[in-house]
Amino acid sequence: MSACTLTVLCGLPGSGKSTWAAKHAEGAEVLTLDDIRTEGADPRSVMRAVVAKARAYLNLRRSVVIDGCALRPSDRTPWLREARTYWARPRIVLFDTPVSVCRARDAARPAGQRFGGDWAQAVKAWDASKSPRVHADFNEVLVVRCT
C-alpha cells in the first residue's frame with residue numbers, strides 16, 4: 001500500500017491557501033471548498049460533497065489537499081478521522097498572513113467569491129488555531145508566512 005497524505009489548509013480568507021495549493025500540491029487532488037460553494041450549495045452539502053470526493057481519492061491511495069479555512073477544531077477534526085480511516089498521513093499548513101492583507105485580497109475578489117462571514121470571529125478563530133497543541137495530532141505542521 002503506497003503512502004498518501006491528507007493535507008488541510010488553515011488560514012483566513014485571502015491568506016494565500018489556493019495560490020499555495022496550485023503551486024505545491026505535488027500531484028495531490030486539490031479539493032477547494034470555494035469551488036463547491038459557488039455552485040450554490042448549503043454548507044452541509046458542501047462539506048458532504050468534499051468529504052465524498054476526498055474519500056474516493058484516498059480510497060485510491062491518492063493524496064488530497066483540503067483547500068478551506070479550517071479555522072475551528074470542528075473544521076479539522078473530521079479530516080484527521082478521514083486520514084486515519086484511509087491510512088493517510090495527516091498534514092496541516094497554516095497561513096500566517098496579516099489580517100489587513102487578507103481583507104484587501106478578499107475585497108478584490110468578485111462579489112460572489114468574497115468572504116461573507118464575520119471577520120472579527122474569523123480572526124479570533126485563527127488566533128486560537130495558531131496554538132501548537134491544536135496541531136498535535138497532525139504528522140506534519142507547516143507554517144507559511146505571507147506578506
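All values derive from a computational prediction rather than experimental measurement.
- Following chains of ILVMFWY side-chain contacts shorter than 4.5 Å, one cannot reach Phe95 starting from Trp119, and the two form parts of different hydrophobic clusters.
- Here the closest non-hydrogen pair linking Ala88 and Leu6 is CB-N, 4.1 Å.
- A donor-acceptor pair under 3.5 Å is absent between the side-chain atoms of His135 and the main chain of Leu94, judged by distance alone.
- Taking CG of Asp118 as the start and NZ of Lys124 as the end, the distance is 10.5 Å to the nearest 0.5 Å.
- With rounding to the nearest 0.5 Å, the separation of SG in Cys4 from CD in Glu29 is 11.0 Å.
- Of the N and O atoms on the side chains of Thr7 and Arg91, at least one donor lies less than 3.5 Å from an acceptor on the other residue.
- If you run side-chain contact (heavy atoms from CB on, under 4.5 Å) between Asp137 and each of Arg81, Arg84, Arg76, only Arg84 comes through.
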* Asked: Would Tyr86 and Val64 satisfy side-chain contact (heavy atoms from CB on, under 4.5 Å), going step by step from the backbone distance to the final call?
  -> CA-CA 11 Å; Tyr86 291 92; Val64 174; over 6 Å; no
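- Counting non-hydrogen atoms of neighbouring residues, nucleotides and ligands closer than 6.0 angstrom, the NZ atom of Lys130 exceeds 12 such neighbours.
- Here NZ of Lys53 is found 14.0 Å from CZ of Arg62. Values are rounded to the nearest 0.5 Å.
- One hydrophobic cluster, built from ILVMFWY side chains closer than 4.5 Å, cannot hold both Trp87 and Val65; they sit in different ones.
- Cys10 SG to Asp96 CG: the interatomic distance, rounded to the nearest 0.5 Å, is 10.5 Å.
- Cluster annotation: Val30 is not connected to Leu58 through the hydrophobic network of ILVMFWY side chains, with a link wherever side-chain heavy atoms come within less than 4.5 Å.
- Between Val8 and Val93 there is no side-chain heavy-atom pair separated by less than 4.5 Å.
- Leu142 and Leu9 fall within a single hydrophobic cluster, where Ile, Leu, Val, Met, Phe, Trp and Tyr side chains are chained together by heavy-atom contacts under 4.5 Å.
- Listed for the Lys17 side chain is a donor-acceptor partner under 3.5 Å among the backbone atoms of Leu12.
- Summarising the geometry, atom OG belonging to Ser18 is positioned 9.5 Å from atom CD belonging to Gln113; distances are rounded to the nearest 0.5 Å.
- Taken together through direct or relayed side-chain contacts under 4.5 Å among Ile, Leu, Val, Met, Phe, Trp and Tyr, Tyr57 and Leu33 form part of one hydrophobic cluster.
- The nearest pair of heavy atoms linking Trp79 to Ala54 is CZ3-CB, 3.7 Å.
- A side-chain donor-acceptor contact under 3.5 Å links Asp75 to the backbone of Arg72.
- With rounding to the nearest 0.5 angstrom, the CG atom of Leu71 is 10.0 Å from the CG atom of Asp127.
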Residues 100-111 side chain polar contacts: donor-acceptor under 3.5 Å, at least two apart:
residue : atom : partner : partner atom : Å
Arg105  : NH1  : Gly14   : O            : 2.9
Arg105  : NH1  : Ser15   : O            : 3.4
Asp106  : OD1  : Arg109  : NH1          : 3.2
Asp106  : OD1  : Phe115  : N            : 2.9
Asp106  : OD2  : Phe115  : N            : 3.2

* List the steps and the verdict of side-chain contact (heavy atoms from CB on, under 4.5 Å) for Asp67 and Leu31. => CA-CA 6 Å; Asp67 180 6; Leu31 302 179; over 6 Å; no
